[in-house]
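Each remark here refers to the structure printed beneath this line.
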Amino acid sequence: MKAFIGLLRKDLTIIRNWYLTWFAFMLVGMVGIYVFSVYVSEPSIPVPFLVMMASLHLLLAPLTMLTALNSEGKTQLWLYNPQSSAKLLLSKLSAAAVIQLLAQFFILLYAFFVMKILLANGLIDSYNSFLPVKQGLFMQLGIFAVAIYFSVWVIFLWTLYHLLGKYPAIKNFRWLAVLLVWFAFGFLETLLSKTKLFKKEMFFSVNINISPKMDYGTHNSWNIVYTDAHIPLLIIGLYAVVAIIVFLLASWLLDRKVEV
């Protein structure tokens, strides 16, 4: 555990400039949007920005993961590390997860700030009427889970890209092979989703929309509209299994086949 914590600290240091830039971008955007809303006397303007920033965080962990991998690829330091590739990659994934959690917490604080503005201007009756606890919790969990899932795929596709670099005949077109793998998996997902394997009895329903729709009707201001969404237990489990398999495959390739 001590060795893993050391790896985690190293990875957080490697990506420090990246996540500090991301946080600075968020802060500047939040302040700028608030100043603009005060200037035009439209307190609901921060609401679309809040939704946009929350959605953008689907990309934070994957981009953090890619930054860490590219940095290691340039320095070649992990070629001389006695730890297994699985442990090294897990450390980087954990670092990306830490940054993801901190950023989402930052967004949550901003959401409370926005709701306080709306409440003070009489645009909402209570915090719960704008963002109920259940919706907020599921949105945060959904964003985090999808971001980490995509991060695992970034690990695998990055590993595959460098693996194909060993073959001169396709080295210049390896990016195309990586895209084909990703689209092939998406096609397989679509086919499986149409089979009888996914029955309605295996779904449970919650009043949540991970990508909320914006409405400019109530009180002549922006508001978030929630719609019912079915969250399938079976599919969630399958995605978790796929993520584990993809991660282990990437670790195996990195251990035995890949030189970056």
More than 12 heavy atoms of other residues, nucleotides or ligands under 6.0 Å from CZ of F106: is that the case? yes
Are F23 and L102 packed together at the side-chain level, in the sense that at least one heavy-atom pair is separated by less than 4.5 angstrom? yes
Any non-hydrogen side-chain atom of W22 less than 4.5 Å from a side-chain atom of I99? no
Are L249 and V241 connected into the same hydrophobic cluster when the rule is that any two of I, L, V, M, F, W, Y join if their side-chain heavy atoms are below 4.5 Å apart? no
Can you check ring pair (Phe, Tyr, Trp, His ring centres under 6.0 Å) on Y149 and Y239, steps first, answer last? CA-CA 8 Å; Y149 176 77; Y239 275 120; 5.2 Å; yes
What's the spacing between L109 CG and M30 CE if we round to 0.5 Å? 8.5 Å
Please confirm whether the ring centroid of F150 lies under 6.0 Å from the ring centroid of W153. no
Verify side chain to side chain contact (heavy atoms under 4.5 Å, CB included) between W18 and L63, making sure each step is shown before the conclusion. CA-CA 9 Å; W18 157 250; L63 290 175; 3.6 Å; yes
Counting only heavy atoms not in F185, do more than 12 fall under 6.0 Å of its CZ? yes
How far apart are the closest heavy atoms of R174 and H162, and which atoms are they? NH1-CA, 4.0 Å
Have a look at F156 and tell me which of V181, L248, L254 forms a side chain to side chain contact (heavy atoms under 4.5 Å, CB included) with it. V181
Where do A61 and I148 come nearest, in terms of heavy atoms and distance? CB-CD1, 4.2 Å
Going hydrophobic residue to hydrophobic residue with side-chain gaps under 4.5 angstrom, can you get from L90 over to W252? yes
Rounded distance [0.5 Å steps], OG in S251 versus CD1 in I155: 7.0 Å
Measure the CE-CD distance between M139 and Q104 for me, rounded to the nearest 0.5 Å. 10.0 Å
Let me confirm one number: the OG-CG distance from S94 to L101, rounded to the nearest 0.5 Å. 10.5 Å
Crowded around W175 CH2? As in, over 12 foreign heavy atoms under 6.0 Å? no
Nearest heavy-atom contact between S44 and P48 is O-CD, 3.5 Å
Just by modelled atom types, is the S37 backbone N or O under 3.5 Å from a matching donor or acceptor in the E42 side chain? no
With hydrophobic residues grouped by side-chain heavy-atom distances under 4.5 Å, do V31 and I107 end up in a single group? yes
When you measure from the side chain of S91 to the backbone of K87, do you find a donor-acceptor pair of N or O atoms at a distance under 3.5 Å? no
Could you give the distance from CZ (F112) to CG (L50), rounded to the nearest 0.5 Å? 11.0 Å
T67 versus I14: any side-chain heavy-atom pair under 4.5 Å? no
For Y19 and L12, which heavy atoms make the closest approach, and how far apart are they? CE2-O, 3.3 Å
Please name the pair of heavy atoms, one in S151 and one in L93, separated by the smallest distance, quoted to 0.1 Å. CB-CD1, 3.7 Å
Show your reasoning for whether side chain to side chain contact (heavy atoms under 4.5 Å, CB included) applies to H57 and M26. CA-CA 11 Å; H57 278 72; M26 283 198 300; 3.2 Å; yes
Give the minimum heavy-atom separation between A96 and T64, together with the two atoms involved. CA-CG2, 3.9 Å
Could you check whether any side-chain N or O of S71 sits under 3.5 Å from a backbone N or O of A68, counting only pairs where one atom can act as donor and the other as acceptor? no
Taking the side chain as everything from C-beta on, heavy atoms only, tell me whether L69 gets closer than 4.5 Å to L89. yes
Q100 CD to F105 CZ distance, which is reported to the nearest 0.5 Å: 14.5 Å
Test item: F113 and I117 side chains (from C-beta on) under 4.5 Å apart, heavy atoms: yes
Are L56 and V28 linked, directly or through intermediate hydrophobic residues, by side-chain heavy-atom contacts shorter than 4.5 Å (ILVMFWY only)? no
Look at the side-chain heavy atoms of Ile, Leu, Val, Met, Phe, Trp and Tyr, link any pair under 4.5 Å apart, and say whether I245 and F187 land in one connected group. no
